[in-house]
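All remarks here apply to the structure that follows.
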Amino acid sequence: MTAVLASRDLVAAPISDARLSAQSADFHALVAAGVTPIDVRSQRKRDLDGVLSGAMAIDAAEVLARLTPGDAESLSRATLDARWLLISDDGHEAEWLAWHLQARGITGATFLVGGFRALRRDRVTGRISDQELAAISAH
């Protein structure tokens, strides 16, 4: 199994069941390719360490129910072919969740190696969409 997604493969190859992880350097290319970042850190950690702009914030305890299609609590975007990039504080919790989502048939579930700490270390930040920016500006 290939564990690391190479930068040159990002546009040509979608995330598949052969890939479980991604590196922080590939974050923006993955998002541009349609992968949805999911920040699974607790609200307390987001308050302490900062938010990841552009990511959906879903507490780790709720991720499996929210991202598994057909569950009473699942997101409307939760499908078997959805592409998620799970990001925890150090990557370990996100790895566990990605494994479980893949076991449920969601082969586009991946995790970020090193998690939010790796993004911070590598000075990779999320991006705010025009829609989010307009909502912020309105308030």
Side-chain angles (χ1 to χ4, degrees):
M1 175 188 287
T2 303
V4 178
L5 182 62
S7 296
R8 67 183 183 285
D9 296 336
L10 292 176
V11 176
I15 293 176
S16 71
D17 59 346
R19 295 189 177 98
L20 184 65
S21 67
Q23 300 295 317
S24 62
D26 297 325
F27 178 81
H28 289 297
L30 288 166
V31 172
V35 178
T36 302
I38 306 292
D39 186 346
V40 303
R41 296 174 300 142
S42 68
Q43 184 61 52
R44 180 180 168 277
K45 286 300 287 181
R46 288 191 295 274
D47 290 344
L48 287 172
D49 299 334
V51 299
L52 178 56
S53 298
M56 293 178 71
I58 303 175
D59 190 86
E62 299 174 13
V63 167
L64 296 179
R66 304 289 281 160
L67 301 184
T68 300
D71 191 288
E73 298 177 25
S74 64
L75 299 174
S76 60
R77 295 176 53 188
T79 62
L80 289 177
D81 60 348
R83 296 167 56 205
W84 311 112
L85 178 61
L86 305 177
I87 303 156
S88 59
D89 190 44
D90 60 7
H92 297 294
E93 190 167 31
E95 179 180 11
W96 184 89
L97 292 166
W99 275 107
H100 282 273
L101 286 169
Q102 285 203 5
R104 293 175 177 207
I106 305 156
T107 59
T110 59
F111 75 96
L112 189 76
V113 175
F116 187 78
R117 291 179 191 168
L119 290 174
R120 221 170 168 185
R121 178 195 66 226
D122 297 339
R123 298 176 189 245
V124 176
T125 59
R127 296 200 176 146
I128 299 174
S129 70
D130 290 339
Q131 182 180 6
E132 291 168 319
L133 190 55
I136 293 168
S137 297
H139 298 298

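Scope of the values below: all heavy atoms of this structure, side chains included, with no hydrogens, waters or symmetry mates.
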Minimal non-hydrogen separation, [X] against [Y], with atom names:
X	Y	answer
Pro69	Ala78	CB-O, 3.2 Å
Gly91	Ser88	N-OG, 3.0 Å
Trp84	Met56	CZ3-SD, 4.4 Å
Leu20	Ala109	CD1-O, 4.0 Å
Ala118	Ser24	O-OG, 3.8 Å

Beyond-backbone contact of [X] with [Y], side-chain heavy atoms, under 4.5 angstrom:
X	Y	value
Val31	Leu85	no
Asp89	Ser42	no
Leu64	Arg104	yes

Roughly how far, to the nearest 0.5 Å, is the [atom2] atom of [Y] from the [atom1] atom of [X]?
X	Y	atom1	atom2	answer
Leu86	Arg41	CG	CZ	13.0 Å
Arg83	Thr107	CZ	OG1	10.0 Å
Leu112	Ile38	CG	CD1	13.0 Å
Phe111	Ile87	CZ	CD1	12.0 Å
Phe27	Leu119	CZ	CG	6.0 Å

Query raised in the report: Can you name the residues that form a side-chain hydrogen bond (donor to acceptor under 3.5 Å, both in side chains) with Arg66, not counting sequence neighbours?
Result: none
Query - Test side chain to side chain contact (heavy atoms under 4.5 Å, CB included) applied to Val40 and Leu97, Ile58, Asp59, the passing residue - result: Leu97
Query raised in the report: Under 3.5 Å, is there a donor-acceptor pair between the side chain of Asp90 and the main chain of His92?
Result: yes
Query raised in the report: Do the side chain of Gln102 and the main chain of Arg19 share a donor and acceptor less than 3.5 angstrom apart?
Result: yes
**Report entry** For His100, all residues meeting ring pair (Phe, Tyr, Trp, His ring centres under 6.0 Å), sequence neighbours excluded
**Finding:** Trp96
Query raised in the report: Val63, Val51: one ILVMFWY side-chain cluster at the under-4.5 Å cut-off?
Result: no
**Report entry** Heavy-atom neighbours of Glu62 CD exceed 12 at 6.0 Å
**Finding:** yes
